[in-house]
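The block underneath contains the structure these notes are about, expressed in structure tokens.
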Amino acid sequence: MTTTTSTNRPNILWISLEDTSPRFGCYGDPLARTPNIDKLAAAGTLYSNGFATAGVCSPSRSSIITGMYPTAIGAHHMRTEHVNKFTPELPTPYAVVPPAHVKTFTEYMRAEGYFCTNNWKTDYQFPSPLTAWDENGREAHWRHREPGQPFFAVFNHMLTHESSMWGNMIRKYTDPEAVEDIPRVTDPELVKLPPYLPDTLKTRESVAKYYDLIAEADEFVGKLLQQLEEDGLAENTIVFLWSDHGEGFGPDRTFIDGNNRTVSYARAAFLGRAGEIERLHLCYPRPLRRIL
């Protein structure tokens, strides 16, 4: 491989959601309010059989950043940095030490001349290597690259985290100035519950709030896509939208077909024809292997 900054190489915008199952219009959900994500899916490939390698955040994220199963690199326990005074017998906290030959895939991309940014969650079970990112933080953005340099830019939207269903911890964490109480829009009576959840008012209210959180995520996606348009980059940028695992309702975080199913879309000509639905099992690192 040779290092290059050729403008002929595609840019990549990688949008990460938290704890999200396919509650989107493009997956046939009539209650969803996801116009930006639906438009993205219509312009590219929608994966209907995307499954995460783990049902919880950190092991899944260790897999996506390395292209390795978490069990192969010792990252399968959730969460290794955890400290709990009620469980002193646990060996935590500790950081996973991947084998020396295992790299974050962004290290390979940087070696090929890509400007790699992460905004801003990592949560890999191990510290993000200094060589993984050109920028890693709340201000990280493709707009800080050298002129003509191809980029790989990750943006993490955290409000769909399961804890947002019963409080505002994540909202206050990501934006300390945020409004605490946001009125619910989705009608709990219109929510369709899976058979493994009890049909109670509390359950319906929780799922209804989740629809509202996903609608906020859709606005987040729309703003990023608009920035691509403003910068004249939309035609040469692959956009990949994914979630680290399924939503936080019972089996949605376990390895049964009720879930660990998650959402995946890619907009790029060589990943699939516009409007195509990919029904094969999706291993998350596959699209990047096709690019590199």
Side-chain angles (χ1 to χ4, degrees), residues 2-18 20 24 26 33-47 64-65 104-122 128 131-160 174-175 214-243 263-276 284 287-292:
T2 58
T3 301
T4 179
T5 58
S6 170
T7 55
N8 293 326
R9 306 199 70 179
N11 305 306
I12 304 164
L13 171 58
W14 186 282
I15 306 172
S16 300
L17 304 182
E18 298 259 2
T20 304
F24 298 86
C26 54
R33 307 188 305 281
T34 52
N36 295 299
I37 292 174
D38 297 345
K39 182 179 178 180
L40 175 65
T45 297
L46 184 150
Y47 292 89
I64 193 69
I65 196 64
T104 64
F105 68 77
T106 53
E107 292 177 273
Y108 296 108
M109 298 189 75
R110 291 188 69 204
E112 286 296 295
Y114 273 80
F115 183 75
C116 296
T117 64
N118 179 62
N119 188 328
W120 49 283
K121 183 175 181 177
T122 53
S128 180
T131 49
W133 304 103
D134 290 284
E135 292 184 352
N136 182 20
R138 291 177 183 249
E139 303 302 320
H141 203 289
W142 72 74
R143 288 175 170 171
H144 303 154
R145 75 195 191 286
E146 294 294 326
Q149 185 178 11
F151 66 80
F152 175 86
V154 177
F155 288 85
N156 294 273
H157 182 77
M158 291 186 264
L159 288 183
T160 53
T174 57
D175 183 5
I214 290 174
E216 284 192 71
D218 183 79
E219 294 177 4
F220 176 81
V221 171
K223 290 177 181 178
L224 289 173
L225 297 179
Q226 181 60 37
Q227 289 176 22
L228 284 181
E229 295 285 352
E230 293 170 354
D231 293 355
L233 297 169
E235 294 303 315
N236 192 41
T237 300
I238 295 167
V239 180
F240 197 89
L241 174 68
W242 79 298
S243 175
V263 295
S264 301
Y265 321 89
R267 183 180 72 187
F270 54 83
L271 292 184
R273 296 181 300 276
E276 181 182 42
Y284 282 135
L288 288 175
R289 288 205 295 268
R290 295 187 191 181
I291 296 166
L292 300 177

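Throughout, residue positions are numbered sequentially from 1 according to the sequence presented.
Nearest heavy atoms, P150 versus P10: CB-O, 4.3 Å. F24 and T34 make their closest contact through CD2-CG2, 3.5 Å (heavy atoms, listed as atom of the first residue, atom of the second, distance). Counting all heavy atoms, side chain and backbone alike, D38 lies closest to C26 at OD1-N, 2.9 Å. Nearest heavy atom pair, residue I12 against residue M109, reads CD1-CE, 3.5 Å.
Sparse packing is recorded around CD of E139, with 12 or fewer heavy atoms of other residues, nucleotides or ligands lying under 6.0 Å away.
Counted by atom type alone, W242 and S16 present one or more donor-acceptor pairs between their side chains at under 3.5 Å. For the residue pair N118/W14, the side-chain donor-acceptor check at 3.5 Å is not satisfied.
If you take CE on M158 and CG on D175, they are separated by 11.0 Å, rounding to the nearest 0.5 Å. The CG atom of L225 sits 7.0 Å away from the CG atom of L13 when rounded to the nearest 0.5 Å. Once rounded to the nearest 0.5 Å, the distance linking CZ of F115 with CD of Q149 reads 6.5 Å. Of the inter-residue distances, the one linking I15 atom CD1 with L40 atom CG reads 6.5 Å to the nearest 0.5 angstrom. In this structure, CD1 in I37 is found 8.0 Å from CD1 in I214, a value given to the nearest 0.5 Å. Note that the OG atom of S128 and the CH2 atom of W120 stand 13.5 Å from one another [nearest 0.5 Å].
Judged by distance alone, with hydrogens and angles left aside, the side-chain atoms of T160 form a donor-acceptor pair with the main-chain N or O of E18 at under 3.5 Å. In this structure, R110 contributes its side chain and Y114 its backbone to no donor-acceptor pair below 3.5 Å. The backbone N or O of D218 lies less than 3.5 Å from a partner atom in the side chain of N36, making a donor-acceptor pair. In this structure, the side chain of E229 does not engage the main chain of Q226 through any donor-acceptor pair within 3.5 Å. Checking side-chain atoms of E107 against main-chain N and O of T104 turns up a donor-acceptor pair under 3.5 Å. Using a distance-only test at 3.5 Å, with no hydrogens or angles considered, a donor-acceptor pair links the side chain of N236 to the main chain of R9.
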Dump the intermediate steps for side chain to side chain contact (heavy atoms under 4.5 Å, CB included) on F152 and W142, then the final yes or no.
CA-CA 8 Å; F152 175 86; W142 72 74; over 6 Å; no

Kindly indicate, with the supporting measurements, whether the criterion salt bridge (charged side-chain N to carboxylate O under 4.0 Å, His left out) is fulfilled by R143 and E230.
CA-CA 11 Å; R143 288 175 170 171; E230 293 170 354; 3.4 Å; yes

Go through the steps to decide whether H144 and E135 satisfy the test side chain to side chain donor-acceptor pair (under 3.5 Å), and finish with yes or no.
CA-CA 9 Å; H144 303 154; E135 292 184 352; 2.8 Å; yes

Could you please spell out the steps behind the side chain to side chain contact (heavy atoms under 4.5 Å, CB included) verdict for V154 and T117?
CA-CA 6 Å; V154 177; T117 64; over 6 Å; no

Run N11 and I238 through side chain to side chain contact (heavy atoms under 4.5 Å, CB included) and show every step you take.
CA-CA 6 Å; N11 305 306; I238 295 167; over 6 Å; no

Between F155 and H141, does the ring-ring contact (aromatic ring centres under 6.0 Å, His included) criterion hold? Intermediate values first, please.
CA-CA 9 Å; F155 288 85; H141 203 289; 5.3 Å; yes

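Side-chain contact between T106 and Y108: absent, with no pair of heavy atoms (C-beta onward) separated by less than 4.5 Å. Taking the side chain as every heavy atom from C-beta outward, F151 and T237 approach each other to under 4.5 Å.
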